[in-house]
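One structure below.
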Amino acid sequence: MANWKVTAVLSSPLAGEAPYIDSLLEFEMAQRHGKARTIQRGEPASPVGSIHLPCLRGEFGGVNGIPRCSAPIVAPENVRHEHFAKRISVENACLLREDQRLVVATGNSWTKSYRLPLKISNVEKICWFIGGSKRRSLKSLLDSVHSIGKKRSQGYGRIAEWQFEEVEHDWSWFAPSEQGLLLMRVLPWCEEIHKFIGWKRWCGGFCPPYWHPDRYMEIAVPC
Amino acid sequence: MKTYTIQCLSEAVSPITHMSGTAGNEGIVAREPVHTERGVMMIPFLSGNALRHRCVREPMAMWLIDRYGLKGQLSLLQLNFLLHGGNLTMSNAHENTRRIAEMHELWPMLRLCGGSLQDQILAGSMDVWRGTLVCEENRDSLKKTLGYMPTKRLLSSERFLSAYQYTRGDGKKTGLAKERDDLMEQSNLMIYSGQAVTRGALFHHGFVLKHVNELEIGCLLLSLRLWQSSGGTIGGNARLGHGRLQLSLLDCKDDDAIVDAYVEHVDAVKDRAVAWLNDCFAKAAAAKEKKSAKSKQKAGGAAQWLIGK
């Protein structure tokens, strides 16, 4: 077991935000156990830690099972917007059934045209720190991750290479800086958090699946 | 099941006009910022969205519609689903795993591209890369993906940019219109122009097929063949001969046996595939009919009440 700095080298622009590595690892592990995409927002989330992660977990603020993984460390450049437009296509109306050849309103309902903005940034590398893991375990899971972020099917966030570098210290939760100990990942908010710097009080998920309401609580987010 | 990466190199054999918008009446080619030694440069690219639709979804959906004799048999929802991925419109969204499993077996194209039924999102298994212009500014990015690049300096992206200009004629000049036609007082002549990526430019792009079997590879290869045989266009102004790409596969053989196996599979499951498609949209159609019958009944009741009054 060692501490690792994991780096994703990207070869195409990133859409949306960089993900937490524990969510990537948990999704890959869930896929291998047939548990991926089995829960929805309306259903209860599986207990914290029910899907094994190849890293240590710890307790903070009375909450157990928080993965020893840092938030993504990323320096986005050229942050901009691209747009996704959609309109109902009528070029092939001849393929429609006779009773389906109707006048379609394009101002409402599912046939409404839209042009949605998507945040895009140029990112060369994204780093994460992971505490107490094996290179082999991380590599076997992350080699299946070919792209990250939003709109992956359209070529955004393509991973050119995963790099693993062993580091001496575990900087997954806190890292030393000139001003003091810096918060490195989302943690449950509690009085103890005041010992650290670089955070803001927020409400959200503290471990995967981050989007699930069962994981929501008062948290401290790195900023 | 395995994950396959198919890399391609496409040569522009006519001006490529994959645009991002207009400035005045001049079309501007789509560009993306790229970090280079000389700072950030805006380099032309092809969007993954366009490549995905033009290379795979559209040619394969049209081929399947023809193969299954669905022309003139589809509802607007079904047509939108096959050609453009569909829309999630019903509020009681759920995951029907049997439906997904059947789709994987019966519709390899949908397994690749995914889509959205009215009540369920069907995840795809294919990531399509953006088209990267092979030029000096993109050297680092291409090297990361290809693993090698010639040591010789490549041409700058600006060397691949050109312009076009066309004129829309004026019917007035033919002398065939009625003399006293007020609309013909003004000239309809219009000059329009824009930027284009020149012939000879190369784009590197690719497809990542995640956890698929050979049927899906056959589906992709057949789609690419169909796309190429119908002109292989990307971007706008294809009607004027723009946007033609000549595709070459890198590190992958266009295997007849795999494509033939896919075609055989498509023919073998024809009836079940059509039944699956109809079944997916039957529930929604029934719900809609019920709703319209109810509203008609309601309207009829109101009318009777008015008459009675």
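All chains are named by letter (A, B, ...) in the order of the sequence lines, taking the proteins before the strands, and each is independently numbered beginning at 1.
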So which heavy atom on B:Asp127 is nearest to which on A:Ser153, and how close?
OD1-CA, 3.4 Å
OG/A:Ser12 to CD/B:Glu32 distance, rounded to the nearest 0.5 angstrom?
8.0 Å
Using a 3.5 Å distance criterion without hydrogens, assess whether the side chain of B:Lys144 forms a donor-acceptor pair with backbone atoms of A:Glu161.
no
dist B:Leu76:CG -> A:Asp99:CG (nearest 0.5 Å) comes out at 11.0 Å
Segment of B:Arg52 engaging chain A (4.5 angstrom heavy-atom cut-off):
side chain
Does atom CD of A:Gln31 have more than 12 heavy-atom neighbours, drawn from other residues, nucleotides or ligands, at distances under 6.0 Å?
yes
So does B:Arg239 have more than 12 non-hydrogen atoms from other groups sitting under 6.0 Å from CZ?
yes
With the side chain counted from C-beta on, respond yes when A:Glu82 and B:Ser47 share a heavy-atom pair under 4.5 Å apart, and no when they do not.
no
By ring-ring contact (aromatic ring centres under 6.0 Å, His included), B:His104 pairs with (sequence neighbours left out) none
A:Glu91, CD: over 12 other non-hydrogen atoms inside 6.0 angstrom
yes
Where does B:Phe207 contact chain A at under 4.5 Å (heavy atoms): side chain, backbone, both or neither?
neither
Flag if over 12 foreign heavy atoms under 6.0 Å of CD, B:Gln7
yes
Residue part contacting chain A, namely of B:Ala123, when any heavy atom lies under 4.5 Å:
side chain
Separation between NE2 (B:His204) and OG (A:Ser11), nearest 0.5 Å, reads 9.0 Å
Pick one of side chain, backbone, both or neither for B:Leu142, based on which atoms fall under 4.5 Å of a heavy atom in chain A.
neither
Please classify the contact of B:Ser75 with chain A as side chain, backbone, both or neither, using a heavy-atom distance under 4.5 Å.
both
Taking CH2 in A:Trp202 as the centre, count heavy atoms belonging to other residues, nucleotides or ligands within less than 6.0 Å. Is the count above 12?
no
Side-chain contact, heavy-atom cut-off 4.5 Å: A:Leu95 with B:Leu70?
no
Region of B:Ile65 in contact with chain A, defined by heavy-atom distances below 4.5 Å:
side chain
Interface check, chain A: of B:Asn87, B:Thr3, B:Asn49, B:Asn80, most non-hydrogen pairs under 4.5 Å belong to B:Asn49
Just give me the residue among B:Lys71, B:His84, B:His35 that pairs up with chain A most often, heavy atom to heavy atom, under 4.5 Å.
B:His35
Correct closest heavy-atom pair for A:Gly155 and B:Arg130 would be O-CD, 3.8 Å
How about B:Asp251: does its CG atom have over 12 heavy atoms from other parts shown lying under 6.0 Å from it?
no
Is the count of non-hydrogen atoms from other residues, nucleotides or ligands lying under 6.0 Å from B:Glu37 atom CD greater than 12?
no
Examine whether an atom of A:Asn92 lies under 4.5 Å from a heavy atom of chain B, and if so say whether it belongs to the side chain, the backbone or both; otherwise answer neither.
both
What side-chain donor-acceptor pairs closer than 3.5 Å can you find for residues 105-118 of chain A, not counting sequence neighbours?
from     : atom 1 : to       : atom 2 : distance (Å)
A:Thr111 : OG1    : A:Ala105 : O      : 2.5
A:Thr111 : OG1    : A:Asn108 : O      : 3.3

For B:Val40, which atoms come within 4.5 Å of any heavy atom of chain A: side chain, backbone, both, or neither?
side chain
Looking only at heavy atoms, what is the nearest atom pair of B:Gln73 and A:Arg97, with distance?
O-CD, 3.5 Å
Less than 4.5 Å to any heavy atom of chain B: does that hold for the side chain of A:Ile120, its backbone, both, or neither?
neither
I'd like to know which of B:Gly206, B:Gly48, B:Gly72 tops the heavy-atom pair count under 4.5 Å against chain A.
B:Gly72
Atom group of A:Lys86 that falls short of 4.5 Å from chain B, counting heavy atoms
side chain
Is there a side-chain contact between A:Gln100 and B:Leu79 (heavy atoms, below 4.5 Å)?
no
Is chain B contacted by the side chain of A:Arg158, its backbone, both, or neither, given a heavy-atom distance below 4.5 Å?
side chain
Check each atom of A:Val90 against the heavy atoms of chain B and say whether the ones under 4.5 Å are side chain, backbone, both or neither.
neither
